[in-house]
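Quick notes on the structure that follows.
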2 protein chains.
Amino acid sequence: MKYCSISEAAAKFHIPESTLRYYEKKGLLPLIERDAAGRRLYSENQLSLLGTVICLKNTHMPISQIKQYIDWILQGDSTIERRLAMMKQHKQAVLAEISLMTESLQGIDFKINRYTNHQSKGELGQS
Amino acid sequence: MKYCSISEAAAKFHIPESTLRYYEKKGLLPLIERDAAGRRLYSENQLSLLGTVICLKNTHMPISQIKQYIDWILQGDSTIERRLAMMKQHKQAVLAEISLMTESLQGIDFKINRYTNHQSKGELGQS
DNA sequence: TGTTGACTTAAACCTTGGTTTAAGTTGTAT
DNA sequence: ATACAACTTAAACCAAGGTTTAAGTCAACA
C-alpha cells in the first residue's frame, strides 16, 4: 500500500493542510498512521474516505452528521442499514436544496432580463 | 397601499421576526416605516424586496453582497449596469454550485447502491 | 385599572467551520 | 554543523449569520 504526506493529500483535494488536521481532530478521518517522526501518513483507503467526507461536505452535510456516518463505518457491517437510511435521507435533502436553488435562480434570471431588456426600475422605483 | 406588521411579514416568508430585525439592521431592508407606536410597517414594495433578499439568500449570496445590491437599488437607475453585472456573476456562481452538488450526489447514489444491492463494506473494510 | 400580548431596543450570546499562531521536532542539503 | 523546509501540537482567534435576553412601551380587553 502507498502512503502520502499531509501536503500531498491536501494538494490532491485542493484543501489546506489545516483543514485535514481539523477534520482528523473532529473524528472525520480516524486511524491516520504516523511515520517514525510523528508525521501523518494517508493510505489509499483514507484518501478514499476523505473523498467521501468532501462529497458529503459539498452537499452541505454538517460535520456532526458526517462524524456519525464515519463512526458507523468504523463500527462495521452492523450499521449498514443506518448508513443506507442516512444516505437516502441526505439525498432527499440535497434534492430539495437543489430544487430551491433552481427555483430561486428563476428570480435571478427575471432580474437579469429586466435589467437587460427593459432598463426597468427595481422594487423601490416601481411606483 | 396596504401595510403589514412584522409578525405578518415573518409568517408570509416563514422566517423569525428576529431575522427581519437583523436584516433591517444590516441594511438589507431599508426605509421600513413605523406606526405611531414605533412598530414596523411593511409595504407591498418592501415585501417584494424581502422576497428578493430571500431569493439571494437561498442561492447563498453573502449578506455583505446582498447589502451592496440593495444599496445600488437605493442609488437609482445609474447603478443598473452594476446590478446586472452582479446578477450575471451570481448566476454563474449558483450554476457552479448546483453542478458541484449534482456531481457529488452521484457519489451519494453510488453509496446508496452499494448499501442497497451488494451489502458491501465501506472504505475501511474493502480490504 | 391593571394585566395581557405584541411590539421596541441594544447588547450579549451562540454555533459552525474552519484558520492562525507560537513553540517545538525532524530530515535533508550545504 | 547548521540552516532550512516540512512537519507537529494546543490554544487562540475569526467571520458569518443569526438568536436570545433584558428591559421597556403601548393598545386593547376584562
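Throughout, protein chains are lettered first and strands after them, A, B, ... in sequence-line order, and every chain is numbered starting at 1.
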Just wondering, are more than 12 heavy atoms of other shown residues or ligands nearer than 6.0 Å to [atom1] in [X]?
{"X": "A:E81", "atom1": "CD", "value": "no"}
{"X": "A:F110", "atom1": "CZ", "value": "no"}
{"X": "B:Q89", "atom1": "CD", "value": "no"}
{"X": "B:E103", "atom1": "CD", "value": "no"}

Next on the checklist: Are the side chains of A:L50 and A:F13 in contact, using a 4.5 Å heavy-atom criterion?
Outcome noted: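 Heavy-atom side-chain distance check passes, below 4.5 Å.
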Checklist entry - Just wondering, do A:H60 and B:H60 contact through their side chains at under 4.5 Å, heavy atoms? => result yes
What is the distance, rounded to the nearest whole Å, between atom [atom1] of [X] and atom [atom2] of [N]?
{"X": "B:E24", "N": "D:dG17", "atom1": "CD", "atom2": "P", "answer": "18 Å"}
{"X": "A:L20", "N": "D:dA6", "atom1": "CG", "atom2": "P", "answer": "16 Å"}
{"X": "B:I54", "N": "D:dG17", "atom1": "CD1", "atom2": "P", "answer": "15 Å"}
{"X": "B:I63", "N": "D:dA16", "atom1": "CD1", "atom2": "P", "answer": "9 Å"}
{"X": "B:L29", "N": "D:dG18", "atom1": "CG", "atom2": "P", "answer": "12 Å"}
{"X": "A:E33", "N": "D:dT8", "atom1": "CD", "atom2": "C1'", "answer": "17 Å"}

Looking for any heavy atom pair under 4.0 Å, which part of the strands does [X] touch: base, sugar-phosphate only, or nothing?
{"X": "A:T19", "value": "sugar-phosphate"}
{"X": "A:S5", "value": "sugar-phosphate"}
{"X": "B:R34", "value": "sugar-phosphate"}
{"X": "B:R40", "value": "sugar-phosphate"}

Checklist entry - Considering heavy-atom distances to DNA chain D, does B:H60 or A:K25 have its closest nucleotide positioned more toward the 5' end? => result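 The residue mapped nearer the 5' terminus is A:K25.
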Checklist entry - When you list every nucleotide of DNA chain C with an atom under 4.0 Å from a heavy atom of chain B, which one comes first 5' to 3', and which comes last? => result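 Counting from the 5' end, contacts occupy C:dC7 to C:dT9.
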Checklist outcome for this item: All heavy atoms of A:C55 vs all of B:S104, minimum pair found to be SG-O, 3.2 Å
Checklist entry - Counting only side-chain N and O atoms of B:Y22, is one of them less than 4.0 Å from OP1 or OP2 of D:dA16? => result no
Item to check | B:K57 NZ to A:L100 CG distance, which is reported to the nearest 0.5 Å | outcome: 9.5 Å
Checklist outcome for this item: Heavy-atom contacts, protein to nucleotides 24-30 of chain D, under 4.0 Å, summarised as B (base), S (sugar-phosphate only) or - (none) per nt, yield --SS---
Listed pairs under 3.5 Å, donor-acceptor, residues 19-32 of chain B side chains, sequence neighbours left out:
from	atom 1	to	atom 2	distance (Å)
B:R21	NH2	B:E17	OE1	3.3
B:E24	OE1	B:R40	NE	2.6
B:E24	OE2	B:R34	NH2	3.3

Checklist entry - Mapping A:P62 and B:I6 onto DNA chain C by nearest heavy atom, which one lands closer to the 5' end? => result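 Final value for this comparison: B:I6.
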